[in-house]
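In what follows, a single structure is set out as structure tokens and then discussed.
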Amino acid sequence: MAGVAAMGISVTYNGVTLTATSFNVSDQIDNADGSHLGIPAGGRRQYVPTFVQREVSCDYIAVTNITAQSGAISIVGDNGVSFTGNATLQSSTCGGQVGDLVKGQATWRVA
């Protein structure tokens with residue numbers, strides 16, 4: 001099965017470009033009951049999608065810790081992956097070990 005490699009992905013958040021080692025985009029769609037009170041006996045309820053919540057997370061080689069609470073986010077890859085939007089930082093960590101690269105992880109909620 002052919003797929004798209006995650007090589008060459010860069011994430012830019014609030015003007016800071018990060019070299020991503022992995023990323024994930026997840027969508028959550030809530031369904032609301034859109035039925036009316038005139039449904040006949042044995043009738044079906046209607047559910048309509050009402051809200052899409054998107055979260056983007058990535059692991060990256062750190063040049064700085066991500067601290068800005070909100071800003072523009074852009075994910076661009078050599079493989080055609082492309083996403084842009086406005087985001088609010090949900091969590092951010094940054095750390096490293098002696099003799100290893102400093103790495104970070106961040107999660108954003110995207111509007």
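Nothing here was measured: the structure is a model prediction, and the numbers come from that model. Quick note: numbers below take in every heavy atom, side chains included, and nothing from hydrogens, waters or symmetry partners. Starting from 1, each residue takes its place in the sequence as its number.
The shortest non-hydrogen separation linking Gly104 to Ala62 is N-CB, 4.2 Å. Looking at every heavy atom in both residues, Ala87 comes nearest to Ile73 through CB-CG2, 3.8 Å. For the pair Ala20 and Val11, the tightest heavy-atom approach, listed with the atom from each and the gap, is CB-CG2, 4.0 Å. When every heavy atom of Val110 is checked against every heavy atom of Gly85, the shortest pair comes out as CG1-CA, 4.4 Å. Heavy atoms only, all atoms of each residue included: Gln105 and Ser57 are closest at NE2-CB, 3.7 Å. Contact detail for Asn14 and Gly71: the closest heavy-atom pair is OD1-CA, 4.0 Å.
Interatomic distance, Asn31 CG to Tyr47 OH, rounded to the nearest 0.5 Å: 9.0 Å. In this structure, CD1 on Ile75 lies 9.0 Å from OG on Ser10, to the nearest 0.5 angstrom. Ile39 CD1 to Arg45 CZ: the interatomic distance, rounded to the nearest 0.5 Å, is 5.0 Å. For the atom pair CG (Leu18) and CD1 (Ile66), the distance works out to 4.5 Å, reported to the nearest 0.5 Å.
The backbone N or O of Thr12 sits nowhere less than 3.5 Å from a side-chain atom of Thr17 that would complete a donor-acceptor pair. In this structure a side-chain-to-backbone donor-acceptor pair under 3.5 Å is missing from Ser82 to Val76.
Applying the salt bridge (charged side-chain N to carboxylate O under 4.0 Å, His left out) test to Arg44 and every residue at least two apart in sequence or in another chain returns nothing.
Inspection of the Asp59 and Thr21 side chains reveals no N or O donor paired with an N or O acceptor under 3.5 Å.
Proximity of Glu55 to Val25: side-chain heavy atoms (C-beta onward) are nowhere separated by under 4.5 Å. Within the 4.5 Å cutoff, the side chain of Asn86 has no heavy atoms near those of the Ser70 side chain. No side-chain heavy atom of Arg54 sits less than 4.5 Å from a side-chain heavy atom of Arg109.
Each of Tyr60, Phe23, Trp108 was compared with Tyr13 under the ring pair (Phe, Tyr, Trp, His ring centres under 6.0 Å) criterion, and only Trp108 meets it.
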